[in-house]
Amino acid sequence: MQASRGLLEPLGRTRVMGVVNVTPDSFSDGGAYPTAVDAVRAGLAMAAEGADIVDVGGESTRPGAGRVDPAEELRRVLPVVTELAAAGVAVSVDTTRPAVAEAALAAGAAVINDVSGAADRDLLAVAAERAVPYVLMHTRGVSADMATRAVYGDVVSEVVAELRERLDAVFAAGIAPERVIVDPGIGFAKESGHNWTLLAHLDAIAALGHPLLVGTSRKSFLGSLLADADERPRPAGERDDATQATTALLAADGVWAVRVHAVRAAADAVRVVQAWREARERRAWPAGGGPAPAERTPARPDSAVSDPGRSNPGTSDPGVTDPGVSARGAFRLPPTSAV
Ligand code: PMM
């Protein structure tokens, strides 16, 4: 079974991607699932809690991590992908390796999540051949050396330029533009300040014309923000509340999906944002007045999305005519009746 159909269709809300790292050493959930059975159980629980996609990875990408043997990566992810896909879960495979992607897709995975920044042409060829959604994430170098590459003059323009250059490689490999999702790569070759700046300028990345996936969950920039009086970072396992705040803000910005470890709280946050948007939309029209909902265009710019200085990826696509949802899956204004 392949559950990719509809994943890029307008939904009227941000999607939630749950994280299942079948690794002993990922920074926040490493070792959490010692067996495939544990990992499958976790993935099914995430789907039940509201995950639209479950992202399965078998190689830690934490800064400084070494590479895992491809056979070992495959041994970790394949049974988990197989079981989750068989249960009807939309699975993405978090890998940089063509052989792993190929096997995972054959086992029913629906999305390739490539955290290498399109470094491997063979992986691009697999994505093109199988015609599945492909996540292009920004990074520099590999896990072992990415920390030393977090040097930018202007992080926003450099990340956008590097993504644009990688998009050219992605298209040249034959991947259809409408299947490409772009991710700023929070924490990948970036220091805390770079992450905050990118989050404040998501509109510049959305202007590349693709849905956005953003992964802030439990990352170290949140740990630094929440450091104690002795400047000890908040431990990874205690960053979920802060992650819910970023989820709500990202959902309000209209990103396509957030990648999170704690699914239920994220799904709740997304629903709150959706209800908030709907209430704002009702407020924007006099009771019983105005055109039929499907024909409505905004009576006035929504204050939450037109505030100068606020990033608002959903409003930066001039070619979009759908009243509620842009072609990239981000929504500009809240009329869920139209989505
Ligand atoms: N972050 C991690 C791993 N994979 N994939 C995408 N697309 N975006 C991310 O931000 C991302 C990712 C690292 O976090 P983890 O170790 O908790 O999985």
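Small disclaimer: the values here were computed from a predicted structure and weren't measured. Whatever order the structure lists them in is the order used to number ligands and atoms, beginning at 1.
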Peer 1: Can you sort out which atoms of ligand 1 are near Leu213, meaning under 4.0 Å from one of its heavy atoms?
Peer 2: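 Answer for ligand 1: 7 (N).
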Peer 1: In terms of atom number and element, which parts of ligand 1 are under 4.0 angstrom from non-hydrogen atoms of Val19?
Peer 2: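 The atoms of ligand 1 under 4.0 Å from a heavy atom of Val19 are 18 (O).
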Peer 1: Between Arg166 and Asp114, is there a side-chain N and carboxylate O pair less than 4.0 Å apart?
Peer 2: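 So Arg166 does not pair with Asp114 through a salt bridge.
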Peer 1: Among Leu198, Leu199, Thr197, exactly one meets side-chain contact (heavy atoms from CB on, under 4.5 Å) together with His201. Which residue is that?
Peer 2: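 Only one of Leu198, Leu199, Thr197 forms a side-chain contact (heavy atoms from CB on, under 4.5 Å) with His201, namely Thr197.
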Peer 1: Suppose I only count heavy atoms of Thr61 and a 4.0 Å limit; which atoms of ligand 1 are within that range?
Peer 2: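 So the answer, numbered in order with elements, is 2 (C), 3 (C), 13 (C).
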Peer 1: Below 4.0 angstrom from a heavy atom of Met137, which ligand 1 atoms are there? Numbered from 1 as shown, please.
Peer 2: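 Numbered from 1, ligand 1 contributes 6 (C), 8 (N), 9 (C).
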Peer 1: Regarding Asp52 and Arg13, does a basic nitrogen lie under 4.0 Å from an acidic carboxylate oxygen?
Peer 2: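 Looking at Asp52 and Arg13, the cut-off is met.
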Peer 1: With respect to atom 9 (C) of ligand 1, which of Arg218, Lys219, Met17 exhibits the smallest heavy-atom separation?
Peer 2: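 Shortest heavy-atom distance from atom 9 (C) of ligand 1: Lys219.
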Peer 1: Determine the sole option in Ile112, Leu124, Asp120 for which the side-chain contact (heavy atoms from CB on, under 4.5 Å) test with Pro98 is passed.
Peer 2: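 Going through the options one by one, the only one that passes is Asp120.
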Peer 1: Could you list the atoms of ligand 1 found under 4.0 angstrom from a heavy atom of Val115?
Peer 2: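 So the atoms of ligand 1 that pass are 4 (N), 5 (N), 12 (C).
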Peer 1: Taking the side chain as C-beta and beyond, is there a heavy-atom pair between Leu11 and Trp256 under 4.5 Å?
Peer 2: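 SC-SC contact between Leu11 and Trp256 ruled out.
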Peer 1: Give the atom numbers and elements of ligand 1 that come within less than 4.0 Å of a heavy atom of Asn113.
Peer 2: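 Selected atoms, number and element: 5 (N), 6 (C), 7 (N).
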Peer 1: Where do Val93 and Ala101 come nearest, in terms of heavy atoms and distance?
Peer 2: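 Val93 and Ala101 have their closest heavy atoms at CG1-CA, 4.4 Å.
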Peer 1: Would you call the rings of Tyr152 and His138 parallel, tilted or perpendicular, taking 30° and 60° as the class edges?
Peer 2: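 Plane angle between 30° and 60°, so tilted.
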Peer 1: Under 3.5 Å between any N/O of Asn21 and any N/O of ligand 1: does that happen in this structure?
Peer 2: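 Min N/O separation from ligand 1 is below 3.5 Å for Asn21.
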Peer 1: For ligand 1, find out whether one of its N or O atoms is nearer than 3.5 Å to an N or O atom of Asp183.
Peer 2: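 Yes; at least one N/O pair falls below 3.5 Å.
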